[in-house]
Structures are given as C-alpha cells and as structure tokens.
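The next block holds one structure in the form of structure tokens; read it before the comments.
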Amino acid sequence: MDLKFKILKKDKDTLARVGEFRTPHGVVETPVFMAVGTQATVKTLTKEDLETIGSQVILGNTYHLWNQPGNEIVKEAGGLHKFMNWDRTILTDSGGFQVFSLAKLRDIKEEGVTFKHHKSGKKLFLSPEIATKIQNDLGSDIMMAFDECPPYPATYEYMKNSVERTIRWAKRCKDAHENEDTQALFGIVQGGEYLDLRKHCAEELVKLDFDGYSIGGLSVGEPKEIQNEVLTHTTPLLPEDKPRYLMGVGSPGMILDAVERGVDMFDCVLPTRIARHGSAMTTRGRVIIKNKEFERDFSPLDENCDCYTCKNYTRAYLRHLFKADEILGYKLLSIHNVSFLVNLTTNIRLAIKEDRFLEYKEKVYRDYGLNEKDKDF
RNA sequence: GGUGGGGUAGCGAAGUGGCUAAACGCGGUGGACUGUAAAUCCACUCUCUCCGAGUUCGGUGGUUCGAAUCCACUCCCCACCA
C-alpha cells in the first residue's frame, strides 16, 4: 500500500526532514518515535495513556503474537487494532529480530527459520511466506519483511550470505503479500558494518519497490561511530519519497544523529524496559530513580516535562514505589519515558520546520550533560 | 524448679575440627538494559593503608598444630512439664 509519504520540510543544513504518511488508521507525522507493544500491549500502558502521550504508532510482533494468542484468534477478533483496542497506526515486526534475540533457540535455512519455543519447547517454523501471512492476519498498517537481524560482530562472509538471503526473503515476502491495498510492506536493509553490503542490499531492495525501507541490524552492540557511519552511507541510497525506518533505536542521541542523516521512523523497547527497571530519560540525563540521592527529592522527575507523571508525582514518591515494589512505579516511569521520546521527536519536527535542527540537537546534547561519545547516545 | 530445643554478619538461615570472613535468601548500595524469553540481569555489601592484612560466629576459660564447630562454667531466648 502506498503510504503517500510527503516531505513537508527539509532541513537547510542536514538530511533531516519533516514528513507525513497516511495509513488506514490515520496520518503519521515524521520523524516519529513508536513505542513497542510486542504482545499486543505496550507494557503497563493503556490506550488512553498512549493517546495522552501522543503516540502515533505502536508496534506489535509477528513471532510472539503467532505463538500467543495466535494470528487466527487475532484475525477472528477482527484484527490486531480491534483486539488490543488501538485505532491508530500499528506496525508489526516480522520476527526477524527474534532470529537474533533467540539465536540459541533457532536454526536458519534458506527456506526459513526453525525455532524451539522458549516456553513450550515446541518446534516452530517461520518463513517469509508464513511471516507475511501472519501479518496479513494481524492486519497491521505497516508490515516488515522477514529478515535475519545478524549479530555484531559478524565476519564479512557471514554477513554477505545473510544479506543475500535477506534480499531473497524480501522478494518472497513481497510475492506472498495479500493485502496490498490496506497494508504497507517495508524491506529491511542489512549488511552490518560493511558499507558495500549495505549498498548492495539497499539497491536490491529498492529494485523490489517497497512502501518504505528499514535499516536493520544496528544497535546490536556495535559502537556508535559505526551506527553513524552506516547511516551516513545508507540513507542516501534509499528513495527520498519513501519513509526510512531505523529499527531498534531509542536513545535520544542516536535518534538525533539518525534524523540528521535522513531517518524518519524509530522504535525501541528502551523507554519501556528501563522504566520497569527503574530508570528514566530526562532532559538532564538518565536518572536511576532508586538511588539514595532521590530519597528526599520532592521535585518532578523532569522539570522540563509536562507528562502525567511529571505533573503529578515527585522523585521521592517514584523512588518509594520502586523500593516498595509497587507496580504503579513501572507505569509512571513508562509514561514518562515514552513521553520523553515522543516529545523529542515532536520537538525535532518543530526545529526542522524552523530551520534550527542542528541548534536544537546541540542543545539536547548539552542539556543531557553528556557528549557524543557516551554510550547513552 | 524440671526436661528438651536454640543463640552465626542489618534480618532470616546453612555450616558441627583444617578446603570458612563463614553457603543461600532478604535487606542495603552502585550499575546495565536499544525491531521485548527482561516487573530482568550484574557487581559490591565485617574492618583497614583493601596487593595484602586484621578482628569475628552470646560470654569466659580450656582441649588441639588448628575451633563457629569438641569440653567446662556462665548469660539470654523458646517449648513443654510442674
């Protein structure tokens, strides 16, 4: 499905751009940060929470929903939107990341990937055709081609084989796609740190004419310099008139660096995961809320934030919730962290529109109190 | 008063002659987390000048090359019986 991506404004200094695309569930303004809701839930957050935060898009996961509750049940429920009560845009990952994250439990072959389910021990087979069928059943607005997210580091030879297979798989996904009028399909550029493989992969995928292009296989342990180098060389190879999606990136600094290099979409479990683990992203850096220094800190988590959590609760209270193992803490930090990244992308759009993107980027870096070499960026 | 059980690091609790500064859990203090096998995981948590050394297992005194572990006395706690 053509997302009718439109560029509304280009930055004067960089490849950053403000754009918008349209799905059956609304208009999405880019750059956008998308919260991850693997199992048909952004952990701890309700639809209302996400709407208040301003989430335009959330993710679901093919592999996990296939296993539980099963794509047929979701289809019977009327699709993923109805099933989980989310009427804005949904993007589904294909299971390609599970080829990476469940590496110990799977075996890759040309035909597809065999997994041993981590709970049931059941043998599962996922292929480009099956992953596409599942996503057709789920009814997401944007589907991902089934790929291999390769590990870092990987040898050139390994990566070359992997990339070639991912390209063949991308073609198979495109051929298997049955709802071309309602669901967009993105190809995923792989190639690790090898720029010639990235180039080759991008060119081959572009020939297949996808509705958008993802950059995958980053944020898997490689240094930030490599991420930026790969982006610098890869985004220019992707069509300007299609959305570009950097998968799995959610640190504020990397989002800014990627927007600068022409990326439009981001997703990451980081805000929700670290929230449940007691950390918050704030305009002045990361805060580990359990730390003793916040015991008597009756100020908001982030004085520059207007999210529900920051408007209503203090650091001392949030610390108390975590020390006392109270579940409200997970929710309040999740609300804040997702808000933080959604607000960041909103501010990025504004800055680009006002021709001050680089200035804004530098301010965020400066306020965070970190420099570009820090891992948090 | 009698009989039995027990006193181990902040708490709970292993350990009954050397491999024990003492398992493990909790608590405490730091840290990690990036297309979610994650309300998870890691480190430290007697003292010091932290390589290394010094003091510990209710108290005191013994036995022994060596004791949290064995013996004697003693002080507390619990249960049951009077």
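Computed from heavy atoms alone, side chains included, the values below leave out hydrogens, waters and symmetry copies. Naming: A, B, ... by sequence-line order, numbering from 1 per chain.
- In this structure, the side chain of A:D267 does not engage the main chain of A:M247 through any donor-acceptor pair within 3.5 Å.
- Across B:rU49 and B:rG54, the matching P atoms stand 16 Å from one another, rounded to whole Å.
- One P atom belongs to B:rU34, the other to B:rG25, and the distance between them is 25 Å to the nearest Å.
- As a member of the Ile/Leu/Val/Met/Phe/Trp/Tyr network built from side-chain separations under 4.5 Å, A:L350 groups with nothing else and remains a singleton.
- Base engagement by A:G217 is indicated by at least one non-hydrogen atom pair under 4.0 Å involving a base atom.
- Pairing of B:rC80, defined by two Watson-Crick or G-U wobble distances under 3.5 Å, is identified with B:rG2.
- Only the C1' atoms considered, B:rU8 is 9 Å distant from B:rA22, to the nearest whole Å.
- Taking atom CE of residue A:M247 and atom P of nucleotide B:rU34, one finds them 15 Å apart after rounding to whole Å.
- Across all strands shown, the partner of B:rU60 is B:rA72, judged by Watson-Crick or G-U wobble contacts whose two distances both fall under 3.5 Å.
- The residue A:S214 sits apart from the nucleic acid: no heavy atom pair falls under 4.0 Å.
- Of the possible donor and acceptor atoms, one in the side chain of A:N337 sits under 3.5 Å from a partner among the backbone N and O of A:P271.
- Atom P of B:rA67 sits at a distance of 12 Å from the matching atom of B:rA21, rounded to the whole Å.
- Comparing B:rU63 with B:rG27, their P atoms are spaced 45 Å from each other, to the whole Å.
- Distance from the side chain of A:K323 is smallest for B:rU29 among the nucleotides B:rU29, B:rU34, B:rG31.
- Atom-to-atom, CG of A:L59 to P of B:rU34 comes out at 16 Å; the value is rounded to the nearest Å.
- Within the shown strands, B:rG54 is the pairing partner of B:rC46 under the Watson-Crick or G-U definition, both distances less than 3.5 Å.
- Of the residues near RNA chain B, A:Y330 and A:S219, the one whose nearest nucleotide (by heavy atom distance) lies more toward the 5' end is A:S219.
- More than 12 heavy atoms of other residues, nucleotides or ligands sit less than 6.0 Å from atom NZ of A:K47.
- Here B:rA37 presents its P atom at 7 Å from CZ of A:R273, a figure rounded to the nearest Å.
- In this structure, the nucleotide among B:rU34, B:rU36, B:rA37 sitting nearest to the side chain of A:L270 is B:rU34.
- Comparing atom distances between the A:R286 side chain and each of B:rA38, B:rG35, B:rC33 picks out B:rC33 as nearest.
- A:E293 CD: more than 12 foreign heavy atoms inside a 6.0 Å radius.
- Only the C1' atoms considered, B:rG12 is 28 Å distant from B:rU60, to the nearest whole Å.
- Heavy-atom neighbours of A:K242 NZ from other residues, nucleotides or ligands within 6.0 Å: above the threshold of 12.
- Going from atom NZ of A:K290 over to atom C1' of B:rG31 covers 11 Å, rounded to whole Å.
- For the pair A:Q39 CD and B:rA37 P, the interatomic distance rounds to 9 Å; values are reported in whole Å.
- For A:S101, a side-chain nitrogen or oxygen approaches OP1 or OP2 of B:rA37 to under 4.0 Å.
- In a base pair of the Watson-Crick type (N1 to N3 plus N6-O4 or O6-N4) or a G-U wobble (N1-O2 and O6-N3), with each distance short of 3.5 Å, B:rU34 is matched with no nucleotide.
- Distance check on atom C1': B:rG10 versus B:rU56 gives 16 Å, rounded to whole Å.
- Comparing A:G37 and A:I327, the nucleotide of RNA chain B nearest to each residue sits closer to the 5' end for A:G37.
- Checked against the 6.0 Å centroid criterion, the rings of A:Y360 and A:F357 do not qualify as a close aromatic pair.
- Residue A:I274 contributes atom CD1, which lies 17 Å from atom P of B:rA38 at whole-angstrom precision.
- Aromatic rings from A:F322 and A:Y330 are positioned such that their centres are separated by under 6.0 Å.
- Base engagement by A:Q190 is indicated by at least one non-hydrogen atom pair under 4.0 Å involving a base atom.
- Residue contacts for A:Q98: at a heavy-atom cut-off of 4.0 Å it reaches the sugar-phosphate backbone alone, with no base atom in range.
- Atom CZ in A:F100 sits roughly 14 Å away from atom C1' in B:rA38 (whole-Å rounding).
- For A:N291 and B:rG31, the shortest distance from a side-chain N or O to OP1 or OP2 is below 4.0 Å.
- Counting only residues at least two apart or in different chains, salt bridge (Lys or Arg N to Asp or Glu O under 4.0 Å) contacts with residues 65-81 of chain A comprise A:K75-A:D137.
- Comparing B:rA37, B:rC33, B:rG35 against the side chain of A:D93 picks out B:rG35 as the nearest.
- Atom CZ of A:F322 and atom C1' of B:rG27 are 18 Å apart (whole Å).
- Nucleotide B:rC24 has B:rG12 as its partner under the Watson-Crick or G-U criteria, with both atom distances under 3.5 Å.
- For A:H277 and B:rU40, the ring-to-base geometry satisfies the stacking test (centroid distance below 5.5 Å, interplanar angle below 30°).
- In this structure, a donor-acceptor pair under 3.5 Å is absent between the side chains of A:T182 and A:N179.
- Of the residues in residues 118-155 of chain A, those lying under 4.0 Å from RNA chain B by heavy-atom distance are A:H118, A:D147, A:C149.
- Using a 4.0 Å heavy-atom distance criterion, A:T44 is classed as making no nucleic acid contact.
- Nucleic acid contact class of A:L218 (heavy atoms, under 4.0 Å, all strands): none.
- Taking atom C1' on both nucleotides, B:rG62 is separated from B:rC11 by 33 Å, rounded to a whole Å.
- As judged by a 4.0 angstrom heavy-atom cut-off over every strand, A:H117 is placed among residues making no nucleic acid contact.
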